[in-house]
Every structure is written in structure tokens, then in C-alpha cells.
Amino acid sequence: MSQDSQILKQRRQKAEELEEWGVTLFPNDIKPPELAAAIQKVYGSYDQNALEEVQESFRVAGRIMALRRFGKAAFLHIKDYSGRIQIHVVRDHVGQDQYKIFKKFDIGDIIEVEGRLFRTKTNELTIEADRVRLVTKSFRPLPEKYHGIKDKEIRYRRRYMDLIMNEDVAETFRKRSMIIQGLRRYFTSNGFLEVETPMMHSIVGGATAKPFVTHHNALGLDLYLRIAPELYLKRLLVGGFDRVFELNRNFRNEGISIQHNPEFTMLEFYEAYATYEDLMVRTEELFAQLALDLHGDTRIRYQGDSIDLTPPWKRLTLEESLVEVGGVPREELHDRERLARRLADLDNPVKGELPLGKYWTKLFDLLVEPKLIQPTFITRYPTDVSPLARKNAEDPTVTDRFELFIAGREIANAFSELNDPRDQLARFQEQVANRGDDEEIPPEIDYDYVMALEMGMPPAAGEGIGVDRLVMLLTDSPSIRDVIFFPQLRPEKGEGRSKGKQKEKAKK
RNA sequence: GGGCCGUUAACUCAGUCGGUAGAGUAUCUGCCUUUUAAGCAGAGAGUCGCUGGUUCGAGUCCAGCACGGCCCA
């Protein structure tokens with residue numbers, strides 16, 4: 001406290017002065033005010049003469065964002081959650097006493113204003129204050145009014161400042177909320193039941209990823225934060241819920257990047273009596289609808305690219321994509337040695353012999369994925385990299401599966417579900433046997449899941465959609481941190497555990 | 001984990017060849033009753049990310065560390 005800047009001291013001093021004058025700094029008797037946007041909407045078209053006819057007085061509340069004082073009068077802009085409106089405060093109109101208090105108000109304070117509407121010389125709709133009142137005293141100055149706040153670290157750590165200062169940031173998160181609503185609307189209106197399944201799993205499953213470990217004291221049990229809800233949602237299919245979806249968080253203990261946050265939002269849905277091909281149609285329909293709701297158009301712009309979400313979208317098999325988009329000679333595709341050499345040439349050497357599918361997906365990530373700007377379904381993933389997907393009826397080396405790519409990124413993953421318990425058990429066993437020291441492969445077989453399949457799971461298809469990436473796409477955001485309110489960052493100095501402890505643990 | 005870049009006032013940024021720190025906004029004081037990046041005059045405000053090193057002297061050069069960004073793994 002002792003080394004607080006002058007500016008903070010001044011604010012506190014001012015607050016004390018106000019209190020001495022009997023002003024309550026944090027009152028709690030303010031009734032919900034009218035919204036700036038609602039007033040603008042109704043009276044935005046009224047000219048001065050028309051406004052003079054309006055006898056009504058309006059009461060608004062919001063944060064002072066700009067303040068221009070002229071001695072015995074002032075203009076200010078306040079911002080509420082709907083928008084902004086200009087306020088005019090004149091000493092001879094509000095009276096000496098109120099004006100004296102008003103002069104102590106700062107940019108950043110939240111105030112309540114009541115008065116009639118008029119238009120200024122520059123024709124801006126403005127409230128002529130009859131009454132101004134402090135609602136919440138701000139003890140910290142707002143960032144610079146013109147450049148706002150640019151420092152990404154401050155923006156992510158102190159998102160509240162970012163949201164106050166950067167209207168486009170607030171807008172992105174409003175759109176995120178609309179997208180979430182749109183997803184719910186789509187699935188509930190198509191007969192899907194929204195469900196919640198455990199976030200803490202005693203066996204890792206449903207995806208290949210390193211989990212976070214936590215501990216339950218009373219049970220004396222290590223638990224994993226879920227990497228995917230898949231195996232539980234399919235248990236619900238067994239239980240008779242033919243159409244279910246879950247829209248919630250997954251956790252993966254991996255690197256942080258422009259498109260990865262350790263906790264992220266996933267939508268998974270499962271539909272009985274459908275195939276992965278049906279889901280391609282659903283996905284097209286869903287994304288097109290979301291784009292229409294948000295932009296009124298199925299053609300959108302993302303980071304300079306024009307992307308057309310109008311159905312139908314391109315479909316390629318993984319094999320075709322490697323040849324046609326990735327430029328891998330067709331005759332090389334089944335030659336592990338040559339594939340390994342190609343990967344090594346791309347600075348991605350692989351150690352040991354891998355399943356063929358691993359070479360393909362690695363090459364795909366490097367050579368094909370970044371080029372898939374327009375929405376593209378990639379199908380026929382090798383069975384050895386798709387342990388939960390149904391084998392293709394004609395060619396059992398591949399599965400009835402697709403991944404969706406847009407703007408060079410994976411957005412969704414779907415397949416016809418494997419519901420033969422014998423095949424599922426065999427695949428689990430093979431996975432565990434070949435796991436080696438790969439921490440991304442679940443070390444334990446979920447026998448209860450196999451038992452569920454033994455009860456009989458109806459034929460079904462399921463899909464997972466990366467919601468954060470979808471929001472990035474639809475809000476033209478370059479980083480996942482721009483669509484998550486509080487992205488994961490290292491703690492600041494003095495926050496959380498000591499650095500030394502963390503380092504020591506990391507070394508073990 | 002590796003590479004590159006950044007970290008200077010509350011915010012946005014300058015800071016030359018190593019010579020004791022600058023601007024705009026914000027703040028404070030004075031003037032100002034139609035401004036909107038209001039204006040005019042004046043003032044105050046700094047752990048130059050941290051720790052060492054080189055040097056007569058370091059915001060500046062060197063090393064390590066921290067945090068962040070981007071790229072790669």
C-alpha cells in the first residue's frame with residue numbers, strides 16, 4: 001500500500017472527502033435503470049422539437065467513460081451493458097450542492113442520472129441531468145481513452161479492464177453466448193436431450209490425451225479430469241436415450257497455444273439410428289444456421305480468408321487428401337519406410353515402427369490440414385487410430401469416420417459408433433498392449449464400458465465439436481484466448497504457489 | 001522443451017554512440033455553460049520486469065531468471 005502511485009492516493013483521498021460530505025460510496029438501493037440502447041432506439045430519430053414534447057424523465061446508470069468539464073458544466077458519456085449515452089450536467093440546473101459533489105466524480109465511477117432528453121448543437125441525443133448520484137466509486141483509473149488497453153498480458157489477466165475498454169472484445173463474448181444458445185437450440189429442437197456426465201473419471205477414456213490428475217480424500221482415490229465425455233454418453237445410448245448431447249468442459253494436460261487451452265469447451269452429441277454420413281449433413285446444416293444467425297450469411301470472413309459454409313461441403317478420404325492436397329505419391333502410402341523418411345525430411349522423425357494410420361495422420365497434420373481453408377470432411381480414417389469407431393463394412397482397415405476441417409484447423413470429429421463389444425474389447429486390449437510409454441493412450445481398459453456394450457447399444461453415430469474453435473471461426477478471432485474469458489496463464493509473482501516448488505515438481 | 005521478439009509513469013509509446021528519464025492520455029491547480037481524442041496555462045507522478053556482471057558511469061552492453069507474445073517441437 002505504501003508504494004501506491006500518486007494517482008491511487010488521490011482517488012482514495014477524494015473518496016474520503018466525499019464520505020465526509022455524507023455521500024455513500026457504495027449504495028445498494030439503486031433500482032434497475034433504463035438502458036442506453038433502449039432510449040437510443042426509441043428517441044434516436046426524434047429531433048429537438050419532438051424531444052421537447054416528450055415530458056418523460058429518464059433514469060440511467062453506468063460507468064463514466066469520458067468526461068469533458070467546463071467549469072460550471074460538463075458533458076460525459078456513460079456506458080451501461082447495452083451501450084452508451086451522453087449526459088449534460090449544468091451547475092445552475094442541478095444546483096450548487098449536487099454540482100459540488102459531481103465535481104469529485106472520476107472517469108471510471110459508476111453513476112445514476114435522471115433527466116430529460118435533448119439534442120446538442122452537434123445533434124447528439126443527450127440527457128440533461130436533473131439529478132446525479134454516485135453508484136460505485138472507482139479507486140483505480142481507467143486505461144488511456146484513445147488507445148485503450150493493448151498489452152495482451154493485462155488484457156488476459158484482467159479481462160474486466162479489457163471488457164470495459166474494448167467494445168469489440170465484449171462483442172466477441174456476446175457472440176460466443178449467441179453461438180452457445182444456437183447450439184442448444186439446434187439440438188433441443190431436433191429432439192436431443194441435454195445431459196451432464198462426470199467430469200472426474202477413475203479411468204481415462206474417450207480420446208487420446210494426457211489427463212490432469214486429482215485426488216479424492218475420502219475415497220483415497222486418484223481421479224482424472226475428463227478428456228472427453230464420450231464413453232459416458234454412449235452408456236446413455238445403451239440406457240435408452242437415443243439422442244443426447246453434452247456441452248461442457250474437457251481438460252487436457254498438454255501445451256498451451258494459439259488454439260489450445262488446457263480446459264476447453266466441447267459439444268458432443270450422439271444419435272441412434274444414424275450414421276457418420278447423416279452427421280455430415282447435420283453438421284453442414286448446423287454451421288450454416290449458426291453463420292446465418294450471427295452474420296445473416298453463410299459466407300464468412302476469417303483472418304483475411306473468405307470461407308463459404310453453404311452446404312454441401314467438400315468430402316475427401318484421408319488417402320485422397322494426402323495425395324491430392326498433400327502431394328504424397330500414391331504408391332508411397334503403404335510403404336512405412338518411405339513414409340518415415342518423408343516425416344524425417346519434414347523435421348518430424350518418428351521413433352520405432354508405428355501403425356500405418358499414425359504415419360498418415362502425422363503427414364496429414366503437416367501437409368494437408370493447413371491447406372484445408374474451405375470446410376472439408378476427411379473420411380475413412382484407419383482403424384488403428386480410431387479405437388471407438390465402427391469398421392467400414394467393405395474395408396475393415398478403415399472406419400466410418402470423418403473429421404471436419406475449416407480454416408486449416410480441426411473443428412469436429414465424428415463416426416458411426418462401434419457397438420460390437422467383442423471388437424471393442426479387442427481394440428482396447430490392442431491399444432493397451434501397444435501403448436509403450438505413450439502417456440496419451442489410456443493405460444487401463446474400461447471394462448464397464450464393454451459391459452454396457454454387451455447389454456446392447458443401438459447403432460448410432462456421434463460427434464464432438466470444438467466449441468472454442470467454432471467461436472474463433474465465427475468471430476474472426478485469431479487466438480483461442482480471444483474467445484475464453486480467462487485463458488490459462490502462469491500465475492503472477494506472489495500469486496499462487498512459489499515458483500521453486502513448481503520447478504521442483506516439474507523435474508520429477 | 002527450442003528459436004525470435006517484448007517488458008520504461010495508471011494507459012499508449014519515445015529514449016541516438018553507455019553520461020543521472022521524455023511525450024500524449026489520465027491525475028492535480030487555475031480559467032472556461034453545447035463538448036465529444038474539448039481547449040488554454042501551470043504542476044506533480046518512475047523499483048526503466050528481477051538478480052548479477054562489465055564500466056569512472058548501465059534504461060542502453062553481457063549473463064541468468066521471471067512473465068507475456070509469435071513460431072517450432
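Naming convention: chains lettered A, B, ... in sequence-line order (proteins, then strands); numbering from 1 in each chain.
In the set G69(B), U35(B), U12(B), U35(B) carries the atom at the smallest distance from any side-chain atom of R68(A). Comparing C70(B), A10(B), U34(B) by their nearest atom to the side chain of S479(A) picks out C70(B). With distances taken from any side-chain atom of K150(A) to the nucleotides C32(B), U12(B), A10(B), the minimum falls on U12(B). Listed candidates were C70(B), U12(B), C28(B). Nearest to the side chain of K14(A) is C28(B). For E144(A), taking side-chain heavy atoms from C-beta onward, the closest of the listed nucleotides A26(B), C11(B), U35(B) is C11(B). Closest contact between the side chain of N348(A) and the listed nucleotides A73(B), G69(B), U35(B) involves A73(B). Comparing C70(B), C11(B), G44(B) by their nearest atom to the side chain of Q6(A) picks out G44(B). Here C70(B) is the nucleotide among C70(B), A10(B), U34(B) with the atom lying nearest to any side-chain atom of R481(A).
With a cut-off of 3.5 Å on both Watson-Crick or G-U wobble distances, the partner of G22(B) is given as C13(B). A63(B) and U51(B) make up a base pair, with Watson-Crick or G-U wobble contacts both under 3.5 Å. Nucleotide C4(B) forms a Watson-Crick or G-U wobble pair with G69(B), both donor-acceptor distances falling under 3.5 Å. Pairing for G44(B) is absent, with no Watson-Crick or G-U wobble pair whose two atom distances lie under 3.5 Å. Using N1 to N3 plus N6-O4 or O6-N4 for Watson-Crick, or N1-O2 and O6-N3 for G-U wobble, each under 3.5 Å, A58(B) pairs with nothing.
When the P atom is used for both G49(B) and G59(B), the distance is 10 Å, rounded to whole Å. To the nearest whole angstrom, the two P atoms, one in G64(B) and one in A10(B), are 30 Å apart. Remark: the separation of the P atoms in G6(B) and C17(B) is 16 Å, to the nearest Å. Comparing the C1' positions of G69(B) and C31(B) gives a spacing of 46 Å, expressed to the nearest Å. Between C13(B) and A9(B), the distance separating the two P atoms is 12 Å to the nearest Å. Here, G44(B) and C62(B) have their P atoms 36 Å apart, quoted to the whole Å. On the C1' atoms, C32(B) is 49 Å away from C70(B), given to the nearest whole Å. Straight-line distance between the P atoms of C50(B) and G46(B): roughly 15 Å, to the nearest whole Å.
In terms of phosphate contacts, R157(A) brings no side-chain nitrogen or oxygen within less than 4.0 Å of OP1 or OP2 of C67(B). Note on K9(A): every side-chain N or O is 4.0 Å or more away from OP1 and OP2 of A45(B). In terms of phosphate contacts, R490(A) brings no side-chain nitrogen or oxygen within less than 4.0 Å of OP1 or OP2 of A66(B).
Using the six-membered ring where Trp is involved, F75(A) and H88(A) have ring planes that are parallel, under 30° apart on the 30 and 60° scheme. Taking the six-membered ring for Trp and thresholds of 30 and 60 degrees, F26(A) and F139(A) have nearly parallel ring planes, at less than 30 degrees apart. Ring geometry for F485(A) against F173(A) counts as parallel: the plane angle stays under 30°, on a 0 to 90° scale with 60° as the upper cut.
One can place CG of N166(A) at 12 Å from C1' of C11(B), the figure rounded to the nearest angstrom. Rounded to whole Å, the distance from CZ on R119(A) to P on U34(B) is 19 Å. One can place NE2 of H147(A) at 18 Å from P of A10(B), the figure rounded to the nearest angstrom. Atom-to-atom, NZ of K152(A) to C1' of C11(B) comes out at 18 Å; the value is rounded to the nearest Å. Atom CD1 in I154(A) sits roughly 8 Å away from atom C1' in C11(B) (whole-Å rounding). Protein atom CD of Q48(A) is 11 Å distant from nucleotide atom C1' of U34(B), rounded to whole Å. Look at CZ on R140(A): it is 13 Å from C1' on C11(B), rounded to the nearest Å. Remark: C1' of A37(B) and CG of L67(A) are 14 Å apart, rounded to the nearest angstrom.
Residue-level contact check: L76(A) touches neither bases nor backbone, having no heavy atom under 4.0 Å from any strand. Here F139(A) lies out of heavy-atom contact (under 4.0 Å) with every strand. Among the heavy atoms of the strands, none lies under 4.0 Å from R158(A). Across all strands shown, G255(A) has no heavy atoms under 4.0 Å from either base or sugar-phosphate atoms. H93(A) comes within 4.0 angstrom of nothing in the nucleic acid, heavy atoms only. L142(A) comes within 4.0 angstrom of no nucleic acid atom, judged by non-hydrogen atoms across all strands.
For the contact set between residues 357-368 of chain A and RNA chain B, defined by any heavy atom under 4.0 Å, there are no members.
Sequence order on RNA chain B of the closest nucleotides to I256(A) and R11(A) puts R11(A) first from the 5' end. The 5' end of RNA chain B is approached more closely, in terms of each residue's nearest nucleotide, by M161(A) than by the other of Y156(A) and M161(A).
Between the side chain of E167(A) and the backbone N or O of G83(A), no donor-acceptor pair lies under 3.5 Å. Proximity of a side-chain donor or acceptor of D305(A) to a complementary backbone N or O of I307(A) within less than 3.5 Å is not detected.
Residues I227(A) and N250(A) fail the side-chain proximity criterion, which asks for heavy atoms closer than 4.5 Å.
Stacking between F75(A) and the base of U35(B) is present: ring centres sit under 5.5 Å apart and the planes differ by under 30 degrees.
Counting non-hydrogen atoms of other residues, nucleotides and ligands closer than 6.0 Å to CD of E17(A) gives a total above 12. The 12-atom threshold is exceeded at CZ of R68(A), counting heavy atoms of other residues, nucleotides or ligands nearer than 6.0 Å.
A ring-centre distance under 6.0 Å is found for F58(A) and Y43(A).
The side-chain hydrogen bond (donor to acceptor under 3.5 Å, both in side chains) with R176(A) is formed by just one residue from the set D482(A), D468(A), T475(A); it is D468(A).
Side chain E124(A) to base U35(B): no donor-acceptor pair is found below 3.5 Å.
Judged by the 6.0 Å distance and 45° axis criteria, R469(A) is not positioned over the aromatic ring of F264(A).
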